[in-house]
There are 2 protein chains.
Amino acid sequence: MNQSGMRGDRRSPKDPPSLAERIRLEMESFTPSEKRAAHLLLSHYPFAGLDTVAEFATRAGISAPSVLRFVTRLGFGGFPDFQKHLREELEAQLLSPLAKASPSDKSQGAPALASFAEAVIGNLKATVDNIAPAEFDAVVTLLSDSRRHIHFTGGRFTGALARYAESHFRIVRSHVDFIEGQPALWRDRVIEIGRKDVVVAFDIRRYQEDVTALCETAAKQGATVVLLTDPWLSPIARVARHVLPAHIIAPSNWDSSAGLLLLTEALVAAVTKRLWDTAKPRMEAVERLRNENS
Amino acid sequence: MNQSGMRGDRRSPKDPPSLAERIRLEMESFTPSEKRAAHLLLSHYPFAGLDTVAEFATRAGISAPSVLRFVTRLGFGGFPDFQKHLREELEAQLLSPLAKASPSDKSQGAPALASFAEAVIGNLKATVDNIAPAEFDAVVTLLSDSRRHIHFTGGRFTGALARYAESHFRIVRSHVDFIEGQPALWRDRVIEIGRKDVVVAFDIRRYQEDVTALCETAAKQGATVVLLTDPWLSPIARVARHVLPAHIIAPSNWDSSAGLLLLTEALVAAVTKRLWDTAKPRMEAVERLRNENS
DNA sequence: CAGGTTCTGAAATTTCTGATACAGCTTTTC
DNA sequence: GAAAAGCTGTATCAGAAATTTCAGAACCTG
């Protein structure tokens, strides 16, 4: 499952060899029925091809076998192959409106930052769009229950986010801690996690087995697991009560955690607001201590 | 065409009640498995639903019958019906150019999350606008100098960002470490920081004196200090060679670090790209170790 | 903690789709 | 104008996909 570690070799950004283009070029060499199929496909590209063979054939006014011959001729192993290609092309096209809109910029370094920012902003929008309000609210409610203990944890990179969350929640409310991902560090602590506990896990692709193990153990003992992950969902999702996915793809060899941070900060804000009566004195107390000690 | 929206309500009358929207609203009433299905669909909307039932079930981590129950519950006659609806919706959306620009429904849902995200996005834009490209480039060049040692540090909250940066740079290049903000923890290490060293400090409002002290000491010993801070500039700015400010105000009792994260990730991306020849083998080696150990 | 309800997945069942063989028709070629 | 070659559709099949059944598991509820 461990897909190659990095997305190092980036495909040339310029020309996506669309299937539509190829069909236009080869149009001459098609037989009459193939032409009818091609015309139908091009006129409603690519949606016409997403129906069944029979539907496509009827709409094109030809027979099913002719449709099959058509897609075979295009080099696909079969109709499902053909459809899969169409879907992937469509998805790629729909998901990267930013890539094309990359505006011309001034110097050399600016594009890097500007386009990176653009991609991240796109991620944030997509993340928000795909979060169910009810789910978000449910998590807020859960984290606002001051009787529960909350444990934050995360992987190699996302561990930092877990710490970030913990450092805020720790001030807003009590019973908050951070658990290192390495099993050796939590084996003795996890036994105390039970029905009243909440585990908030951060885990994105190249999902880390130790984090999964921690959550599974916790879940088995009755804890409520909240997962912040990528759209492909960490395996932790199987034991999680609540899942908040964030988009993470950026023009980089690394994934972006901005969406996760956004969710984290939004949760902190919401919980702080909801617990304000108790949070305010706590925050003031922390502030007082800081001033005294320095 | 009934245009009931003659009033000043912001809700645009055109919005087709997207299936995604409905799913978000009904999310609460779903059973656990149905939620899994809903999450998968929303996170990859609508492409996740265009595969086969079996594929969808596997990816969602549930069984095929559960998927069927899910689509039935949404009011479709069966899976093919459901897919047909998705295709039609997709087609309609793709054909209207503006439709996909911002389908965020701020009708009722999660004003908390949506408006928070909007503020954060505003911060990111403002941050990028106010960064001098030359300054950004200079920092990239500095961090790409593999002969230098790089030390990351930060305060209460920003310390997590410093860790995040460190965990990435550590893989891209050598001579990278993280220094805790508390003086007791760095007193003995800082004496080794000298002319060839770079200190990257994260510090925003309620600037932390210990972090400032660390940077001042380092600067005094000839180290180059890079500062990521807020627009009001941490006192560290006085000893810093490069300063990258990020906007941090959000509708919350807390400041948002999203701008700092953006800068961090952009730096990681740029340095990784510049050091690619040496970074790639390092990343591959790390990947190999992970696989062996697990 | 029993009894009832809801939820879930393995397996059996049904439906439907994509694929193929083959024969008729059309076009080409000499 | 006849034979060959190419194209197309009908009929049929194999296999995959969706659906239903059913029993067990999980979860309430009193």
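Every chain is numbered from 1, with letters handed out A, B, ... down the list of sequences.
Salt-bridge annotation for A/Glu26 and A/Lys35: absent, with no side-chain N of the basic residue lying under 4.0 Å from a carboxylate O of the acidic one. Under a 4.0 Å N-O distance rule, the pair B/Lys84/B/Asp81 does not qualify as a salt bridge.
Residue B/Arg73 contributes atom CZ, which lies 12 Å from atom C1' of C/dC7 at whole-angstrom precision. To the nearest angstrom, P of C/dC7 lies 15 Å from CZ of B/Arg36. Rounded to a whole Å, the CZ atom of B/Phe56 is 22 Å from the P atom of D/dA16. Remark: P of C/dC16 and CD of A/Gln83 are 17 Å apart, rounded to the nearest angstrom. Computed from coordinates, the A/Glu55 CD to C/dT17 P distance equals 10 Å when rounded to whole Å. Look at CG on B/Leu50: it is 15 Å from P on D/dA17, rounded to the nearest Å. What separates CG of B/Leu68 from P of C/dT15 is a distance of 15 Å, to the nearest Å. Computed from coordinates, the A/Arg69 CZ to D/dG6 C1' distance equals 11 Å when rounded to whole Å.
Comparing the start and finish of the helix from C/dC1-D/dG30 to C/dC30-D/dG1, five pairs each, the helix axis swings through 30°, to the nearest 10 degrees.
Look at A/Ser33 and you won't find any side-chain N or O under 4.0 angstrom from OP1 or OP2 of D/dC7. Proximity of B/Thr52 to the phosphate of D/dA16: no side-chain N or O atom is located under 4.0 Å from OP1 or OP2. Here B/Thr31 reaches the OP1 or OP2 of C/dT8: one of its side-chain N or O atoms lies under 4.0 Å away. Within the structure, every side-chain polar atom (N or O) of B/Ser66 is placed at least 4.0 Å from both OP1 and OP2 of C/dC7.
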Per-pair distances, 0.1 Å, donor-acceptor, side chain in residues 46-57 of chain A, under 3.5 Å, sequence neighbours excluded:
| from | atom 1 | to | atom 2 | distance (Å) |
| --- | --- | --- | --- | --- |
| A/Asp51 | OD1 | B/Arg87 | NH2 | 2.7 |
| A/Thr52 | OG1 | A/Glu55 | N | 3.1 |

Output side-chain donor-acceptor pairs under 3.5 Å for residues 71-79 of chain A, partner residues at least two apart or in another chain, one line each.
| from | atom 1 | to | atom 2 | distance (Å) |
| --- | --- | --- | --- | --- |
| A/Thr72 | OG1 | A/Leu68 | O | 2.8 |
| A/Arg73 | NE | A/Glu34 | OE1 | 3.1 |
| A/Arg73 | NE | A/Glu34 | OE2 | 3.4 |
| A/Arg73 | NH2 | A/Ser29 | O | 2.9 |

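As judged by a 4.0 angstrom heavy-atom cut-off over every strand, B/Ala54 is placed among residues touching the sugar-phosphate backbone only.
Residues A/Leu275 and A/Ser144 come closest through the heavy atom pair CD2-O, 3.2 Å.
Atom CZ of A/Arg156 has more than 12 heavy atoms from other residues, nucleotides or ligands within 6.0 Å.
Taking only side-chain atoms of B/Ala64, from C-beta outward, the nucleotide of C/dT8, C/dA19, D/dT19 with the closest atom is D/dT19. Among the nucleotides C/dA11, D/dG9, C/dG18, the one closest to any side-chain atom of A/Ser63 is D/dG9.
Ring pair A/Phe169/A/Phe152 is parallel by interplanar angle, where below 30° counts as parallel and above 60° as perpendicular.
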